[in-house]
Amino acid sequence: MTAPREVAVVGAGAAGLHAAEALRRAGYDGRLTLVGAEPELPYDRPPLSKQLLDGQWEPGKVTLREPAALAQLRLDLRLGVAAERLDRGARTLHLADGRQVRCDALVVATGVRARRLPGAEEPLPGAHVLRTLPDALALREELRPGARLLVVGGGLLGAEAAATAVGLGAEVTWLVSAAAPLAAVLGAETAALLTGLHREHGVRIHRGTAAAVLRRHGRAAGVRLADGGELAADAVLMAIGSLPATEWLAGSGVPLEPDGGVACDAHCAAGPGVWAAGDAASWPDPRTGRRRRLEQRTNATDQALLAARNLLAGPDGTRQAYAPVPYLWTDQYGLRVQAFGSPGGADRFELVDGSLAEHRFAAACLREGRVTGAVGIAAARALRGLRAQVAAHGPWPPAAERQAAPVG
């Protein structure tokens with residue numbers, strides 16, 4: 001196959017930037033267009049709920065590459081303009097500003113958009129999401145001492161924002177629907193440790209489901225609950241999940257999952273000339289046989305690198321299947337929790353180093369006797385040892401074998 005002469009990467013976040021860089025490193029010398037809906041230079045998102053939100057960092061520090069580094073990539077850089085439509089037959093990408101971009105190959109890296117509660121579908125003062133740099137700066141303005149912040153959503157984003165806000169002196173209520181928030185991601189034991197820390201630091205955890213954002217005097221004033229009750233607040237953060245930002249692919253013939261994720265094969269290809277990477281990409285996991293979509297920072301980089309290599313390999317070249325060991329981290333109350341694989345849903349928790357009480361530990365998370373995840377705090381060596389077992393998805397070794405060859 002002839003190498004593509006014109007490649008477009010849609011999405012100028014971590015996945016899109018790394019895809020563009022990987023194409024150039026691999027020797028691609030054709031036209032390379034990078035399209036981003038946001039006007040900012042490509043930036044990193046994990047600090048938005050932590051260092052940027054609490055004021056330790058200013059916006060310039062989250063930028064992934066300086067202008068000089070971007071210039072070396074020889075990009076046709078289109079920032080502040082969204083992709084509007086893809087015409088695969090004509091190999092043309094239509095942009096919201098009316099211009100068009102020709103592309104023999106396309107990488108979809110548009111990520112996700114935040115879900116919103118009824119009553120705040122459109123921008124509303126005091127009602128916040130936390131996905132973009134402007135989102136973080138707007139929320140930061142609300143976090144003065146004594147301000148009442150209501151965080152809706154029991155995932156990592158909500159937990160991090162709650163920890164940051166209470167550290168700035170805000171009065172924080174964290175509204176969660178699950179009996180054990182964070183357990184689905186980190187496992188029951190680690191989740192219990194973190195929720196205990198939230199309570200110790202003054203976060204009020206309220207269990208229930210929000211039905212809508214309340215409005216008073218033209219701004220958000222809390223939420224109405226599904227049971228008819230209300231929770232009042234000066235500001236509301238909606239951290240209730242996300243949806244793939246793939247509406248622009250409707251009618252293009254690019255296959256989409258029911259949730260909007262781009263349906264890729266094992267090589268990150270979504271059809272002739274179309275590839276996907278990052279939060280919006282769905283692919284078959286070789287370990288489980290089920291499709292999955294990962295909204296994790298390291299996945300954005302790793303999947304983008306592989307998609308770029310496979311794009312250049314062509315259909316007759318040697319393509320590599322994407323089989324990552326998922327990795328995530330979260331920083332809360334001065335602790336960094338790290339996890340490999342899928343700690344959530346484990347039926348057995350095997351401590352291999354330290355203790356939860358000391359806030360220093362590493363543990364294997366097992367399901368039906370197999371190591372499906374690993375989680376820990378300040379125990380990097382032991383976690384690295386567990387990573388190989390997570391990758392193998394193998395059975396937990398007997399005690400005698402573990403003593404002969406200790407994990408880590």
Side-chain angles (χ1 to χ4, degrees), residues 153-160 174 176-199 205 207 241 282-299 302 322-333 335-403 405-408:
L156 288 175
L157 178 63
E160 290 180 348
W174 185 19
V176 301
S177 58
L182 304 179
V185 180
L186 297 174
E189 293 80 4
T190 307
L193 184 156
L194 289 176
T195 53
L197 285 174
H198 278 282
R199 289 191 178 94
I205 301 178
R207 288 191 171 81
S282 167
W283 83 102
D285 187 335
R287 294 185 183 85
T288 65
R290 296 189 298 270
R291 301 195 70 85
R292 76 183 310 174
R293 190 170 60 79
L294 286 176
E295 296 183 27
Q296 296 174 358
R297 175 62 177 84
T298 52
N299 177 70
D302 295 344
Y322 188 55
V325 177
Y327 168 75
L328 64 83
W329 78 92
T330 179
D331 297 325
Q332 299 177 41
Y333 302 113
L335 301 177
R336 170 160 290 187
V337 181
Q338 301 181 79
F340 290 107
S342 302
D347 53 36
R348 189 171 153 201
F349 182 86
E350 286 281 350
L351 202 64
V352 300
D353 188 29
S355 75
L356 276 77
E358 296 172 354
H359 298 170
R360 190 198 69 79
F361 72 94
C365 302
L366 286 69
R367 192 178 306 146
E368 298 177 352
R370 294 189 173 273
V371 183
T372 56
V375 64
I377 297 173
R381 182 170 177 266
L383 273 176
R384 284 196 300 270
L386 287 169
R387 183 188 183 280
Q389 296 193 41
V390 174
H393 199 68
W396 186 238
E401 294 181 21
R402 297 203 302 274
Q403 290 169 2
V407 174

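Computed from a prediction, not measured in an experiment: that's the story for all the values here.
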Please name the pair of heavy atoms, one in [X] and one in [Y], separated by the smallest distance, quoted to 0.1 Å.
{"X": "V352", "Y": "A382", "value": "CG2-CB, 4.4 Å"}
{"X": "P343", "Y": "A339", "value": "CG-CB, 3.8 Å"}
{"X": "A364", "Y": "V371", "value": "CB-CG1, 4.4 Å"}
{"X": "A323", "Y": "P286", "value": "CB-CG, 3.5 Å"}
{"X": "R367", "Y": "G345", "value": "NE-O, 3.2 Å"}
{"X": "W174", "Y": "G155", "value": "CZ2-O, 4.1 Å"}

Evaluate the side chain to side chain contact (heavy atoms under 4.5 Å, CB included) criterion for residues L182 and V176: first the C-alpha distance (whole Å), next the side-chain angles of each, then the deciding distance (0.1 Å), finally the verdict.
-> CA-CA 10 Å; L182 304 179; V176 301; over 6 Å; no
Just do the side chain to side chain contact (heavy atoms under 4.5 Å, CB included) check on L386 and V375 with the steps written out, would you?
-> CA-CA 9 Å; L386 287 169; V375 64; over 6 Å; no
What's the verdict on side chain to side chain contact (heavy atoms under 4.5 Å, CB included) for L186 and L193, showing C-alpha distance, side-chain angles and the deciding distance?
-> CA-CA 10 Å; L186 297 174; L193 184 156; over 6 Å; no
Rounded distance (nearest 0.5 Å) linking atom [atom1] of [X] with atom [atom2] of [Y]:
{"X": "T372", "Y": "F340", "atom1": "OG1", "atom2": "CZ", "result": "14.0 Å"}
{"X": "R360", "Y": "L335", "atom1": "CZ", "atom2": "CG", "result": "13.0 Å"}
{"X": "R384", "Y": "Q338", "atom1": "CZ", "atom2": "CD", "result": "9.5 Å"}
{"X": "L194", "Y": "R199", "atom1": "CG", "atom2": "CZ", "result": "11.5 Å"}
{"X": "D353", "Y": "L351", "atom1": "CG", "atom2": "CG", "result": "7.5 Å"}

Between [Y] and [X], is there a side-chain heavy-atom distance shorter than 4.5 Å?
{"X": "W283", "Y": "R292", "value": "yes"}
{"X": "F349", "Y": "C365", "value": "yes"}
{"X": "L328", "Y": "T298", "value": "no"}

Taking the side chain from R207 and the backbone from A179, do they hold a donor-acceptor pair closer than 3.5 Å?
->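 Side chain of R207 to backbone of A179, a donor-acceptor pair under 3.5 Å: yes, one is there.
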R336 side-chain N/O to W329 backbone N/O, donor-acceptor pair under 3.5 Å |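 No; judged by distance alone, with no hydrogens or angles, the pair does not exist.
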Please check if any side-chain donor atom of Q332 sits under 3.5 Å from a side-chain acceptor atom of T330, or the reverse.
->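 Checked: Q332/T330 side chains pair up, N/O donor to acceptor below 3.5 Å.
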Does any donor atom in the side chain of Q296 or Y327 lie under 3.5 Å from an acceptor atom in the other side chain?
->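 Y327 and Q296 do not have a side-chain donor-acceptor pair below 3.5 Å.
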Start with the C-alpha distance between Y322 and N299, add both sets of side-chain angles, then the distance that settles side chain to side chain contact (heavy atoms under 4.5 Å, CB included), and finish with yes or no.
-> CA-CA 10 Å; Y322 188 55; N299 177 70; 2.6 Å; yes
Return the set of residues passing side-chain hydrogen bond (donor to acceptor under 3.5 Å, both in side chains) with S282 (not counting sequence neighbours), or none when no residue passes.
->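 Partners of S282 by the side-chain hydrogen bond (donor to acceptor under 3.5 Å, both in side chains) criterion, ordered by chain and then number, come out as R291.
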Could you tell me how the ring of Y333 sits relative to the ring of H198: parallel (under 30°), tilted (30 to 60°) or perpendicular (over 60°)?
->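 Aromatic pair Y333/H198 classed perpendicular.
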Electrostatic pair R290-D285, nearest N-O below 4.0 angstrom =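 Salt bridge between R290 and D285, a charged N being under 4.0 Å from a carboxylate O: no.
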